[in-house]
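A short write-up of the structure that comes next.
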Amino acid sequence: MAKVSVSIPQGTRDFGSEVIRKRDYIFSTIRNVFELYGFEPLETPAMENLETLMGKYGEEGDKLIFKILNNGLDNPDKEKQVKADLEKLLQGKTVKGITERALKYDLTIPFARYVAMNHHQLVFPFKRYQVQPVWRAERPQKGRYREFYQCDADVVGSHSLLNETELATMYKAVFEKLNIPVEIKINSRKFLTSLSKRCGESVRITDFTIAIDKMEKIGLEKVKEELSQKGLNKEQVSIIEKYLLISGNNQEKIIQIKEVLGNDEECQKGIADIEFVLNHLTPNISIVTPGEAEGLPPATSIVTPSAAEGLQLTLDPSLARGLNYYTGIIFEVKAKGVQMGSIGGGGRYDDLTGLFGVPNIPGVGISFGVDRIYDVMEELNLFPMHVQVGTQVLFFNLGDQESRKAFEWLQQLRQKGIRSELYHEFAKFEKQFKYAEKKKIPWIIIIGDKELKENTCTVKNLAFGGQQTIPAGELINFPF
RNA sequence: GUAGCCAUAGCUCAGCUGGUUAGAGCAUCAGAUUGUGGUUCUGAGGGUCGUGGGUUCGAACCCCAUUGGUUACCCCA
């Protein structure tokens with residue numbers, strides 16, 4: 001056999017049937033929840049104009065955008081211009097003459113571009129969901145691919161915090177259906193702007209959000225080191241340290257945030273936002289002072305909306321998120337018991353369409369990382385058996401006459417919607433059994449000369465090993 | 001973009017400080033077995049040891065380069 005030496009680009013993957021079935025299970029779970037909450041589908045092109053994407057994800061982000069080489073660069077008439085452009089490219093600039101299109105990096109910016117282009121005809125608040133692949137030119141590693149799917153749900157044109165509340169509930173709904181134990185973290189970017197103000201105007205927000213965000217991963221000391229390296233003085237670092245040391249339950253954290261950040265307006269707004277969401281989600285354990293709690297009539301603690309029941313959000317002041325367009329509440333979802341980056345994230349952005357010349361359209365959205373969710377579910381063995389079953393029934397092929405009969409009944413089962421197939425040729429039992437096993441087909445039907453004479457068939461369950469011979473007429477009603 | 005680790009049969013790997021003809025399990029195929037698999041037994045096929053160069057009497061093993069994979073950093077789903 002000749003040795004083939006073909007491959008696919010680094011960080012991309014082919015998906016076989018088994019994997020696709022499992023992925024589809026995740027996709028449809030997410031889609032169903034999106035639809036249930038009144039979101040409508042949208043798809044945008046795989047590629048965008050480069051200028052649409054550049055500068056939206058920070059300096060690092062720009063480097064990670066997959067740029068597409070222009071066609072026709074070898075045109076002799078353009079040689080001089082192309083060479084000049086190439087010189088600029090070598091200096092680290094992006095040049096239209098060389099590249100003017102790029103693969104999309106996430107779903108949020110293309111969505112903002114879409115809203116900016118179509119805001120006259122959209123019904124606001126506009127709620128859309130989007131399930132598409134995105135591309136990032138990073139080095140692949142665990143839980144990180146160069147091509148991966150995001151599932152986003154965003155609401156634009158509304159300041160209401162009810163949106164945040166609903167999105168949080170959607171996170172819970174999806175992960176509960178998928179049976180993944182998660183911690184859903186919440187925070188407000190407003191705390192971080194307030195914090196940056198306290199540190200003085202000289203400090204750039206992006207400089208320390210990234211550092212603060214690593215709190216859980218690398219610990220306080222390393223974060224402090226990184227902050228010093230970024231040019232913050234001791235006083236500034238110590239303010240941030242106080243902020244990072246905030247701990248306790250959500251209520252206790254809110255009190256400490258007030259203490260650390262003071263009466264700052266941003267901070268107060270942030271607290272109001274967080275309290276709004278937390279109160280809506282868990283009305284029976286609403287934030288009250290101990291004195292008030294004593295006076296509560298017993299009845300008020302009974303009401304709990306079922307959708308939000310058991311939804312626990314963890315207020316995490318160190319949650320920052322790298323993308324710099326967030327301005328309000330931010331979310332991040334981590335799977336419990338697995339070593340894996342976040343499997344979901346999102347937040348509020350006040351003016352994303354402003355980047356495209358249409359100001360004053362606020363938005364908030366969440367994203368699911370399907371590929372990471374898949375890896376988590378695989379690791380925790382969470383895929384139900386039934387999603388892995390393709391064909392339900394296999395008819396054995398035991399000869400010419402026998403297979404004609406089988407073919408007839410095969411069509412009847414298909415009419416009933418039972419996924420079934422007939423082994424493609426006469427072969428010995430072992431071979432046909434092994435085929436069924438490998439394809440994880442749970443039922444087989446044997447029609448041999450015995451059955452042919454009696455007008456019966458033998459139905460066998462491969463998982464349990466039991467079998468029974470039934471009259472032909474009953475096959476159609478057999479509970480596969 | 002930076003750094004570490006890895007590359008031997010279709011898959012997972014073993015292979016001693018460099019020494020005859022490179023091994024195992026699983027998988028595949030054939031037979032025992034012309035109506036019962038997952039769980040029996042027997043046998044067979046399958047490798048220019050990622051690629052290119054070097055050291056050596058001799059290289060899967062040591063050195064250099066290169067390609068691919070993987071993990072971490074940066075950043076993020």
Side-chain angles (χ1 to χ4, degrees), chain A residues 1 3-13 26 30 57-65 92 104-108 131-152 171 206 209-211 213-214 217-218 222 226 229 320-324 331-335 339-346 365-376 394 396-399 402 423 426-452 457-469:
Chain A
M1 214 203 302
K3 202 151 201 175
V4 286
S5 63
V6 286
S7 64
I8 53 175
Q10 194 181 37
T12 65
R13 294 147 307 153
I26 300 173
I30 294 172
Y57 310 105
E59 240 171 88
E60 282 303 309
D62 285 352
K63 291 183 196 162
L64 302 179
I65 295 170
K104 65 174 174 248
Y105 180 88
D106 73 352
L107 302 179
T108 310
V131 177
Q132 287 192 276
V134 299
W135 294 267
R136 295 186 188 176
E138 298 175 285
R139 275 296 156 81
Q141 54 180 280
K142 189 180 179 188
R144 167 181 291 175
Y145 305 97
R146 288 185 146 182
E147 179 186 58
F148 62 97
Y149 267 78
Q150 288 192 328
C151 305
D152 280 28
Y171 263 143
T206 46
T209 48
I210 289 171
D213 202 37
K214 291 180 193 161
K217 196 172 175 186
I218 63 177
K222 289 263 171 79
E226 198 164 322
Q229 274 173 10
R321 310 224 8 102
L323 298 170
N324 49 22
F331 296 109
E332 194 161 289
V333 184
K334 288 212 68 176
Q339 191 68 37
M340 178 67 73
S342 60
I343 55 177
I366 55 171
S367 178
F368 292 82
V370 171
D371 302 79
R372 284 187 178 175
I373 291 172
Y374 180 95
D375 291 346
V376 167
L394 174 72
F396 271 24
N397 186 330
L398 299 174
E402 291 88 341
Y423 195 79
F426 173 65
K428 57 186 197 178
F429 267 62
E430 187 175 332
K431 208 160 182 180
Q432 304 198 41
F433 267 119
K434 288 208 163 141
Y435 177 79
E437 252 167 60
K438 277 181 199 156
K439 285 191 73 174
K440 295 189 174 148
I441 300 172
W443 297 94
I444 57 142
I445 295 179
I446 296 168
I447 301 170
D449 50 4
K450 225 189 286 173
E451 287 85 356
L452 214 50
C457 62
T458 300
V459 181
K460 176 164 181 162
N461 183 295
L462 290 195
F464 303 111
Q467 70 178 50
Q468 55 181 303
T469 301

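Letters A, B, ... mirror the listed sequences (proteins, then strands); counts begin at 1. Nothing here was measured: the structure is a model prediction, and the numbers come from that model.
At the heavy-atom level, Asp106(A) lies nowhere under 4.0 Å from the strands shown. Within 4.0 Å of Tyr145(A), counting heavy atoms only, lies at least one base atom of the nucleic acid. Across all strands shown, Glu437(A) has heavy atoms under 4.0 Å from base atoms, whether or not it also approaches the sugar-phosphate. If you check every strand for non-hydrogen atoms under 4.0 Å, Lys63(A) touches nothing. Using a 4.0 Å heavy-atom criterion, one finds that Ser342(A) contacts the sugar-phosphate atoms exclusively. Residue contacts for Glu59(A): at a heavy-atom cut-off of 4.0 Å it reaches no nucleic acid atom on any strand shown. Residue contacts shown for Gly344(A) are limited to sugar-phosphate atoms, with no base heavy atom under 4.0 Å away. No contact: Gly341(A) has no heavy atom under 4.0 Å from any strand. Across all strands shown, Ala463(A) has heavy atoms under 4.0 Å from base atoms, whether or not it also approaches the sugar-phosphate. The residue Gly58(A) sits apart from the nucleic acid: no heavy atom pair falls under 4.0 Å.
Residue-to-nucleotide contacts include no donor-acceptor pair under 3.5 Å from the side chain of Gln432(A) to the base of G35(B). A donor and an acceptor atom sit less than 3.5 Å apart, one in the side chain of Arg139(A) and one in the base of U2(B).
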Practice task
Please test Ile366(A) against Phe331(A) for side-chain contact (heavy atoms from CB on, under 4.5 Å), starting from the C-alpha separation and ending with a verdict.
Solution key: CA-CA 8 Å; Ile366(A) 55 171; Phe331(A) 296 109; 4.0 Å; yes
Exercise for the section: Show the numbers, then the answer: is there a ring-ring contact (aromatic ring centres under 6.0 Å, His included) between Phe433(A) and Phe396(A)? Expected result: CA-CA 8 Å; Phe433(A) 267 119; Phe396(A) 271 24; 5.0 Å; yes
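Partners of Asp106(A) under the side-chain hydrogen bond (donor to acceptor under 3.5 Å, both in side chains) rule, at least two apart in sequence or in another chain, are Tyr57(A), Tyr325(A). Every residue two or more places apart in sequence or in another chain that forms a side-chain hydrogen bond (donor to acceptor under 3.5 Å, both in side chains) with Lys63(A) is listed here: Glu60(A). Partners of Tyr423(A) according to the side-chain hydrogen bond (donor to acceptor under 3.5 Å, both in side chains) rule, which considers only residues two or more places apart in sequence or in another chain, do not exist here.
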Between the protein and nucleotides 41-45 of chain B, which nitrogen or oxygen pairs come in under 3.5 angstrom?
none

Short heteroatom pairs, N/O only, protein and nucleotides 25-34 of chain B, under 3.5 Å:
unit_1, atom_1, unit_2, atom_2, d
U28(B), OP1, Lys438(A), NZ, 2.8

Practice task
Dot-bracket for RNA chain B, please, read 5' to 3', with Watson-Crick or G-U wobble pairs under 3.5 Å on both distances, ( ) within the strand, [ ] crossing, | other strand, . unpaired.
Solution key: (((((((..((((.....[...)))).(((((.......))))).....(((((..]....))))))))))))....
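For Lys440(A), no side-chain nitrogen or oxygen approaches OP1 or OP2 of G38(B) to under 4.0 Å.
By the stacking rule of 5.5 Å between ring centres and under 30° between planes, Phe433(A) does not stack on the base of G38(B).
At least one test fails for Arg136(A) against the ring of Phe148(A): distance under 6.0 Å to the centre or angle within 45° of the axis.
Within the 3.5 Å criterion, the main-chain N or O of Gly399(A) finds a donor-acceptor partner in the side chain of Asn397(A).
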